[in-house]
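So the structure is just underneath, and the comments pick up after that.
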Amino acid sequence: MKKYELTSETLLYVGHILHRIKAVKDFGPVKEGQFGGWIENEKNLSQDDNAWIYGEAMVFGNAKVCDCAEVHNNAKVFGNARVFGNAKILGNAHIFGNAKVFDYARVYNYARVFDYAIVHNNAIVDGNAVVYDNAIVSNYANVCENAKVCDNATVYGLTSIFGNARIFGNATIKGDAKVHNASDYIVFKNFWSSGRYFTWTRSNNKWSVGCFYGTGEELIKKAYADSEKSGREYERVVRYVESILADERK
């Protein structure tokens, strides 16, 4: 049995004819007879679970909302976007392109998530923040205010990205790092062997290198254990950052 129906109440939005939805049975927090938001067709909202679209929220195009996900207020999900799990989209947030928001992630206010970006686990994207390209925001990360996360950047852990910060390129911000502006992190490239990128964060003075995350001294020790050359080059980079911090303290 279907959980909702398309009503005769329609509106035209950017070339899409949307229908108000109405629950035809009780499910999850939704009661039979309750009106919901707007969808273009039944492909936009699953009939088989507790997902729901509330208020004046809109889901259209090839976008889909399913599982126990919720879309509230004036939020919009469109394009090929997917919102699932226990995710919630609220306020005037937009999820579009091929973006995915899932698990217990929350996207609030005027935030935007698009392209092939992923926001999941318990991550929060809030304010006027934007996550796009192939960026990933996960775990308990919080991206807010006017921050941007883009390119192939990854933000996770208990990180806070805020202000006018822009996390881009191949940056990896994790742990409990706080990034407010461009000087709060530096991305380096391992030119001597693997070619991979690694990141230093100012707020906690930590290094993220592949699966490694720790202090500069811990990184140097690990690198020398791998090889003399690796140790020497990582030590060179760590000492360079230490010299920057020393100059700032003068």
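Heads up: numbering here begins at 1 and tracks the sequence. All of these numbers come straight from a predicted model, not from anything done at the bench.
Inter-residue side-chain proximity for L6 and I21 is flagged as met; some heavy-atom pair is nearer than 4.5 Å. You'll find the side chain of N121 stays beyond 4.5 Å of the side chain of Y104, heavy atoms only. A 4.5 Å side-chain heavy-atom check between N92 and N109 finds every atom pair outside the cut-off. Within the 4.5 Å cutoff, no side-chain heavy atoms of V83 are placed close to those of K88. With a 4.5 Å cut-off on side-chain heavy atoms, E218 and W207 do not count as touching. Put simply, the side chain of R196 reaches to within 4.5 Å of the side chain of V209, judged on heavy atoms. Inter-residue side-chain proximity for W192 and K229 is flagged as met; some heavy-atom pair is nearer than 4.5 Å. Residues F84 and K64 have side chains not in contact (no heavy-atom distance under 4.5 Å, counting atoms from C-beta outward).
Legend: residues meeting side-chain contact (heavy atoms from CB on, under 4.5 Å) with K206, ordered by chain and number and at least two apart, are T201, N204, Y213, T215. Partners of N62 by side-chain hydrogen bond (donor to acceptor under 3.5 Å, both in side chains), not counting sequence neighbours, listed by chain and number: N80. Remark: Y197 pairs with no residue by the ring-ring contact (aromatic ring centres under 6.0 Å, His included) rule, at least two apart or across chains. Partners of S46 according to the side-chain hydrogen bond (donor to acceptor under 3.5 Å, both in side chains) rule, which considers only residues two or more places apart in sequence or in another chain, are D49. Looking at residues two or more places apart in sequence or on another chain, you find a side-chain contact (heavy atoms from CB on, under 4.5 Å) between N181 and S183, D184. Residues satisfying the side-chain hydrogen bond (donor to acceptor under 3.5 Å, both in side chains) test with H16, not counting sequence neighbours, are E40. The side-chain hydrogen bond (donor to acceptor under 3.5 Å, both in side chains) search around H19 returns none, not counting sequence neighbours.
Note on V71 and F60: separate hydrophobic clusters, where clusters join Ile, Leu, Val, Met, Phe, Trp and Tyr whose side-chain heavy atoms are under 4.5 Å apart, directly or indirectly. Follow the hydrophobic side-chain contacts under 4.5 Å out from I53 and you never reach L12; the two are in separate clusters. Note on L45: it clusters hydrophobically with Y54, by side-chain heavy-atom contacts below 4.5 Å among ILVMFWY residues. Under the 4.5 Å side-chain heavy-atom criterion for ILVMFWY residues, no single connected hydrophobic cluster contains both V187 and I136. Hydrophobic clustering (side-chain heavy atoms under 4.5 Å, transitive across Ile, Leu, Val, Met, Phe, Trp, Tyr) keeps I124 apart from Y140.
Atom-to-atom distance recorded for N134:CG and D115:CG is 7.5 Å, nearest 0.5 angstrom. Of the inter-residue distances, the one linking S203 atom OG with I173 atom CD1 reads 9.0 Å to the nearest 0.5 angstrom. One finds the CG atom of N74 at 14.0 Å from the CD1 atom of I89 (value rounded to the nearest 0.5 Å). Rounding to the nearest 0.5 Å gives a distance of 9.0 Å between CD1 of I39 and CG of L18. Distance NE2/H72 to CD/E56: 13.5 Å, rounded to 0.5 Å. The distance from the CZ atom of R106 to the CG atom of D103 is 10.5 Å, given to the nearest 0.5 Å.
The ring-ring contact (aromatic ring centres under 6.0 Å, His included) contacts involving residues 24-45 comprise F27-W52, where partners must be two or more places apart or lie in separate chains. Under the side chain to side chain donor-acceptor pair (under 3.5 Å) criterion, no residue pair touches residues 143-153, with sequence neighbours excluded.
Through direct or indirect side-chain contacts shorter than 4.5 Å among Ile, Leu, Val, Met, Phe, Trp and Tyr, Y110 is connected to no other residue.
Summarising the geometry of N86 relative to C68, their closest heavy-atom pair is OD1-CB, 3.4 Å, with the distance given to 0.1 Å. The two residues D67 and G85 have their closest heavy-atom pair at OD2-N, 3.0 Å. Listed here is the closest heavy atom pair of G195 and K189: O-CE, 3.5 Å.
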Practice item. Could you go through the side-chain contact (heavy atoms from CB on, under 4.5 Å) check for Y185 and W200 one step at a time? Key: CA-CA 5 Å; Y185 75 101; W200 169 77; 5.7 Å; no

Point to revise | CA sep, side-chain torsions, deciding dist, call: Q47, Y4, side-chain contact (heavy atoms from CB on, under 4.5 Å) | key: CA-CA 7 Å; Q47 288 278 13; Y4 70 89; 3.3 Å; yes

Practice item. Please lay out, stage by stage, how Y116 and K100 fare under the test side-chain contact (heavy atoms from CB on, under 4.5 Å). Key: CA-CA 7 Å; Y116 288 88; K100 295 180 180 178; over 6 Å; no

Check your understanding: So R202 and E248, salt bridge (charged side-chain N to carboxylate O under 4.0 Å, His left out) or not? Walk me through it.
Key -> CA-CA 12 Å; R202 177 186 296 274; E248 290 176 348; 2.7 Å; yes

Practice item. Give the C-alpha distance, both sets of side-chain angles, the deciding distance and a yes or no for side-chain contact (heavy atoms from CB on, under 4.5 Å) between L245 and N205. Key: CA-CA 10 Å; L245 297 176; N205 197 15; 4.1 Å; yes

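A donor-acceptor contact shorter than 3.5 Å links the side chain of T199 to the backbone of T172. Judged purely by atom type and a 3.5 angstrom limit, N73 uses its side chain to pair as donor or acceptor with the backbone of G91.
Atom CD1 of I244 has more than 12 heavy atoms from other residues, nucleotides or ligands within 6.0 Å. Summarising the local packing, CZ of F212 is surrounded by more than 12 heavy atoms from other residues, nucleotides or ligands at distances under 6.0 Å. More than 12 heavy-atom neighbours from other residues, nucleotides or ligands sit within 6.0 angstrom of NZ on K25.
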Quiz: residues 153-166 side-chain donor-acceptor pairs under 3.5 angstrom, not counting sequence neighbours:
unit_1: Y156; atom_1: OH; unit_2: K174; atom_2: NZ; d: 3.3
unit_1: T159; atom_1: OG1; unit_2: Y156; atom_2: O; d: 3.4

Sequence neighbours left out, cut at 3.5 Å: what donor-acceptor pairs do the side chains of residues 234-241 make with other protein atoms?
unit_1: Y234; atom_1: OH; unit_2: N190; atom_2: ND2; d: 3.3
unit_1: E235; atom_1: OE1; unit_2: Y224; atom_2: OH; d: 2.7
unit_1: E235; atom_1: OE2; unit_2: R239; atom_2: NH2; d: 3.4
unit_1: R236; atom_1: NE; unit_2: E233; atom_2: OE1; d: 3.1
unit_1: R236; atom_1: NH2; unit_2: E233; atom_2: OE2; d: 3.3
unit_1: R239; atom_1: NH1; unit_2: E217; atom_2: OE2; d: 2.6
unit_1: R239; atom_1: NH1; unit_2: E242; atom_2: OE1; d: 3.0
unit_1: R239; atom_1: NH1; unit_2: E242; atom_2: OE2; d: 3.0
unit_1: R239; atom_1: NH2; unit_2: E217; atom_2: OE2; d: 3.3

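By the 4.0 Å N-to-carboxylate-O rule, E42 lies close enough to K2 to be salt-bridged with it. With respect to E5 and R20, no salt bridge is recorded, no charged nitrogen being found less than 4.0 Å from a carboxylate O.
The aromatic rings of F188 and F198 lie parallel to each other, their planes meeting at an angle below 30°, with 60° marking the opposite boundary.
Checking V125, V130, V131 one by one against R112, the side-chain contact (heavy atoms from CB on, under 4.5 Å) holds for a single residue, V130.
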